[in-house]
Amino acid sequence: MLHELQKNFFAGIFEQDRTILDSIQPESIITPEQRLQVYRNNAYLILTEHLQKIFPVTTKLVGNSFFRQSAKTFITAQPPTSGDMTFYGENFPNFLKYLPSLSAHPYTGDVAMLEWHYYAAGVLPLRPVISPEQFQQELQSNGQIIEMAFQPHVSILKSPYPVLDIWQHIRNDKEDALDKLEINQPCYLIIYRNGHEVMLLSVDEAVFAFSDTIKTGETAEKSVDAALRIDPDFQPAEHIQYFLCNKMLCFPEKENRETP
Amino acid sequence: MAEAFRTSVVVPELCNISSGIGLRAPHHQDIINTLPAVGWLEVHSENFFHFDTPHFQELMTLREHYPVTLHGVGLSLGSADGLDNTHIDKLKQLVERVEPAVISEHVSWSRINGVSVPDLLPVPLAIEALEVLARNIDHLQNRLGCSVLVENPSSYLAFKESDMDEATFLTALCNRTGCGLLLDINNIYVSAHNAGFDAEEYLQNIPPAFVGEIHLAGYQENRVDDVAEIYIDAHNQPVHPPVWELYEMALSIFGDKPTLIEWDNDLPPLQVLLEEAFKADDVRARRTRLRSNNAA
């Protein structure tokens, strides 16, 4: 009976179902519908504010009213599944990407994706880093590149639009500058945390391919091959050095390693 | 199994110290830099489930200077589906790292059929919900290996199924599980207004020995129509005068209790929050003096 009541309560919040109203005491000048509305408002308010904290630039890009309406649709379609809300909103960029009303602004979903990675970089864990010394030691003793992975907080983003420029202009209240942007400029980004600061690194397509292949769990050799297919002059050493110096690399988790 | 935790709800680490404040991210650096004379800090457990992040490191820095309490908002103790063991395991890992003075949660639910909402939804004050809550609290305490405090939530409606008052319900819950109460005075005031019960009578019906901690916060008055108002537990303003009065009455009934100021929305400068905590200290000191005088 309690299960049924709780199921009906959620249906009352997320689906505007009225069944739960029969379970609410009516003896008051405030109706059961008005009382349920408090919980409905709270749920949508808390979840919308959660999304707006993660996506402040997207909010400015589409406007507060449109954002809140989109968030409401998203929340109804994909309510949270965990009491730990940290990663609620991960699917919101893709939701925006395919929203028909945003088809005239096709970069919106990718700007939101950048914001998600920017947020996630600040909350994802830090695993033991591979130091430049460990890397050199392995290279010298075995003659091969150490097995490595990106830290969980490192994300790789590719967009057919200049999302970094869009994000920076809006963040800095320079929306006027958007009109001057060439909208069909692809953008390749690495987003990572350095100490307490989240960093955005703009890279070329070859470095993107190299980094993206590492991120998918492939070996260093395959990652270099992926970059060389785009740029035959690609030099992995300087990029690996950058990753090492910025503590972006860690050892792969054993369960994720491919068996030969 | 619940018998193992049927001990005193007195929290030695929080006794005889100043009142605490809820620790929220915008205040982290301010508190680290100034180490204000506040008794302790309370954090929402779920905000620190992910270790090795900058915020977690800041919490551990503050932990060196203050007792910390963990206050959960997402465990859904009243869920008929039972508890999410992944959530409990994260909480347990956090407990092992932080070594909190108190672990607390709410007498509410927020998850059913795999869907969650970040709110504190009411349970019917009836035997079935009592049994579900008791089973879930037993499970939590067994898994954590220690007792917890549970907080009375604000409520905006009552269920037809309810057949006891909230004080009776909470007392039965403590008796069954050995948990203690985190009594939120603002929530009692808000619920009393919304449901039309007597807040003072509520306090009189709570056994003082079950009260391990007190919360104070600000509420918001929301007009429903021309004649009716619902009070919302908004945590976005100072503690209201009638809540301070009810708090003083609570201390006169329960004796001195560790007290914490909550402020989650429209967060003010840290100093405003500290002044609320100092105000709670003044009330506590006054009640203690009165009690001493009466005893003499």
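Quantities reported herein were computed from a predicted structural model and do not represent experimental measurements. Each chain gets a letter, A, B and so on, in the order the sequences are listed, and its residues count up from 1.
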Part of B/Ser155 lying under 4.5 Å from any heavy atom of chain A: both

B/Glu58 versus chain A, the contacting section by heavy-atom distance below 4.5 Å: side chain

Winner by heavy-atom pair count (cut-off under 4.5 Å) against chain B, out of [options]:
options                             : result
A/Gln37, A/Gln34, A/His153          : A/Gln34
A/Leu36, A/Asn42, A/Thr31           : A/Asn42
A/Ala43, A/Ser23, A/Pro79, A/Pro125 : A/Ser23
A/Ile13, A/Ile24, A/Asp22           : A/Ile24

Approximate separation, where rounding is to 0.5 Å, of [X] [atom1] and [Y] [atom2]:
X        : Y        : atom1 : atom2 : answer
A/His3   : B/Ile112 : NE2   : CD1   : 4.0 Å
B/Ser116 : A/Leu47  : OG    : CG    : 10.0 Å
B/His55  : A/His196 : NE2   : NE2   : 9.0 Å
B/Gln57  : A/Leu126 : CD    : CG    : 7.5 Å

Taking [atom1] in [X] as the centre, count heavy atoms belonging to other residues, nucleotides or ligands within less than 6.0 Å. Is the count above 12?
X        : atom1 : value
B/Met60  : CE    : yes
A/Lys158 : NZ    : no
A/Lys215 : NZ    : yes
A/Gln137 : CD    : no

Nearest non-hydrogen partners of [X] and [Y], listed with the distance:
X        : Y        : result
A/Pro26  : B/Lys160 : CD-CE, 4.1 Å
A/Tyr39  : B/Leu120 : CE2-O, 4.0 Å
B/Pro54  : A/Gly122 : CD-O, 3.5 Å
B/His50  : A/Val123 : CB-O, 3.5 Å
A/Arg193 : B/Thr53  : NH2-CA, 4.1 Å

[Y] side chain reached by [X] side chain, heavy atoms, under 4.5 Å:
X       : Y        : value
A/Gln6  : B/Arg111 : no
A/Pro32 : B/Leu157 : no
A/Leu2  : B/Pro124 : yes

Under 4.5 Å from a heavy atom of chain B, the part of [X] involved:
X       : answer
A/Phe14 : side chain
A/Phe87 : side chain
A/Ile75 : neither

Between [options], who has the most heavy-atom pairs with chain A when the cutoff is under 4.5 Å?
options                                : result
B/Val73, B/Leu75, B/Asn113             : B/Asn113
B/Val123, B/Asn222, B/Ile232, B/Asn194 : B/Asn194
B/Ser76, B/Gly196, B/Ala126, B/Ser79   : B/Ser79
B/Pro118, B/Gly74, B/Ala228, B/Gly114  : B/Pro118
B/Asp81, B/Val115, B/Val117, B/Asp119  : B/Val115
B/Asp84, B/Val132, B/Leu121            : B/Leu121

Side-chain (A/Gln25) to main-chain (B/Phe159) donor-acceptor, under 3.5 angstrom: yes

B/Glu46 (side chain) donor-acceptor with A/Asp84 (main chain) under 3.5 angstrom: no

